[in-house]
Amino acid sequence: MTPFGEKLRLLRQERGVLLKDMAASLEVSPAYLSALEHGRRGAPSTGLVHQVCQFFGLIWDDADELAALAKQSRPRLKLNSAGLTAGQTALANRLAKELRNLDPETVAAIQTLLDGARPLTPPTRPARAKRRARPAEADPAP
């Protein structure tokens, strides 16, 4: 389950909304909504997050929280450790191997530790892929 899926299911259950009814209202399939809740689908689009917020009447902090959870909800992760230290690479590999077996208290403790960690460098945004230039169209002969 992803953070977004967990929150979505909680909101739905708190309000007594059936999965099929919510799916119909959002104009998505019940299978897709179920896959989002269970973490079998990737992070939802910002448009769908907005629709969910409207469906539940979420505003301000609640809507921001749901959007943040959506960004943290990629069930299939890929990590490029090129340029990291040997220790950082070892940690990433160990987490990938053992994460499934960690109890919730240990996961929370790791999250707390990471929240308090001081970065070596200021955070940067991932580089955007460069667009390839389109070939210029030849002017038609007069």
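For the single chain, residues carry numbers from 1 onward in sequence order.
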Report the residues that fulfil side-chain contact (heavy atoms from CB on, under 4.5 Å) with [X], sequence neighbours left out, ordered by chain and then residue number.
X      : value
Ala35  : Arg40, Arg41
Asn93  : Thr89
Leu102 : Leu99, Thr106, Val107, Ile110

N/O donor to acceptor pairs below 3.5 angstrom from side-chain atoms of residues 4-28, sequence neighbours left out:
| residue | atom | partner | partner atom | Å |
| --- | --- | --- | --- | --- |
| Arg9 | NE | Glu37 | OE1 | 3.0 |
| Arg9 | NH2 | Glu37 | OE1 | 3.4 |
| Arg9 | NH2 | His38 | NE2 | 3.2 |
| Arg12 | NE | Glu37 | OE2 | 2.7 |
| Arg12 | NH1 | Val17 | O | 3.0 |
| Arg12 | NH2 | Glu37 | OE1 | 3.1 |
| Arg12 | NH2 | Glu37 | OE2 | 3.3 |

- [ ] Look at atom CG of Asp115 and say whether more than 12 heavy atoms of other residues, nucleotides or ligands are closer to it than 6.0 Å.
- [x]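 Yes - once you tally the heavy atoms of other residues, nucleotides and ligands closer than 6.0 Å, there are more than 12.
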To the nearest 0.5 Å, tell me how far [X] [atom1] sits from [Y] [atom2].
X     : Y     : atom1 : atom2 : answer
Cys53 : Gln51 : SG    : CD    : 10.5 Å
Ser81 : Leu91 : OG    : CG    : 11.0 Å
Leu66 : Phe56 : CG    : CZ    : 8.5 Å

Task: Residue pairs fulfilling salt bridge (charged side-chain N to carboxylate O under 4.0 Å, His left out) with at least one residue in residues 93-114, sequence neighbours excluded - done: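 Listed by first then second residue: Arg94-Glu98.
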Task: Residue list, side-chain hydrogen bond (donor to acceptor under 3.5 Å, both in side chains) with Thr85, at least two apart or on another chain - done: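 Thr85 satisfies side-chain hydrogen bond (donor to acceptor under 3.5 Å, both in side chains) with Gln88 once adjacent residues are dropped.
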Task: Any Leu36 side-chain heavy atom under 4.5 Å of Pro44 side chain - done: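 SC-SC contact between Leu36 and Pro44 confirmed.
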Task: Shortest non-hydrogen contact from Ala92 toward Leu79 - done: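 Where Ala92 meets Leu79 most closely, the heavy atoms are CB-CD2, 3.1 Å.
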Open item on the list: Tell me the closest heavy-atom pair linking Arg74 and Ala43, and the distance in Å.
Closed with: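 Scanning both residues, the minimum pair turns out to be CG-CB, 4.3 Å.
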Task: Connected via hydrophobic side-chain network under 4.5 Å: Met1 and Leu69 - done: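 In one cluster: no.
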Open item on the list: Given 3.5 Å as the limit, does a donor-acceptor pair link the side chain of Ser34 with the main chain of Pro30, or not?
Closed with: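 Looks like no, no N/O pair under 3.5 Å.
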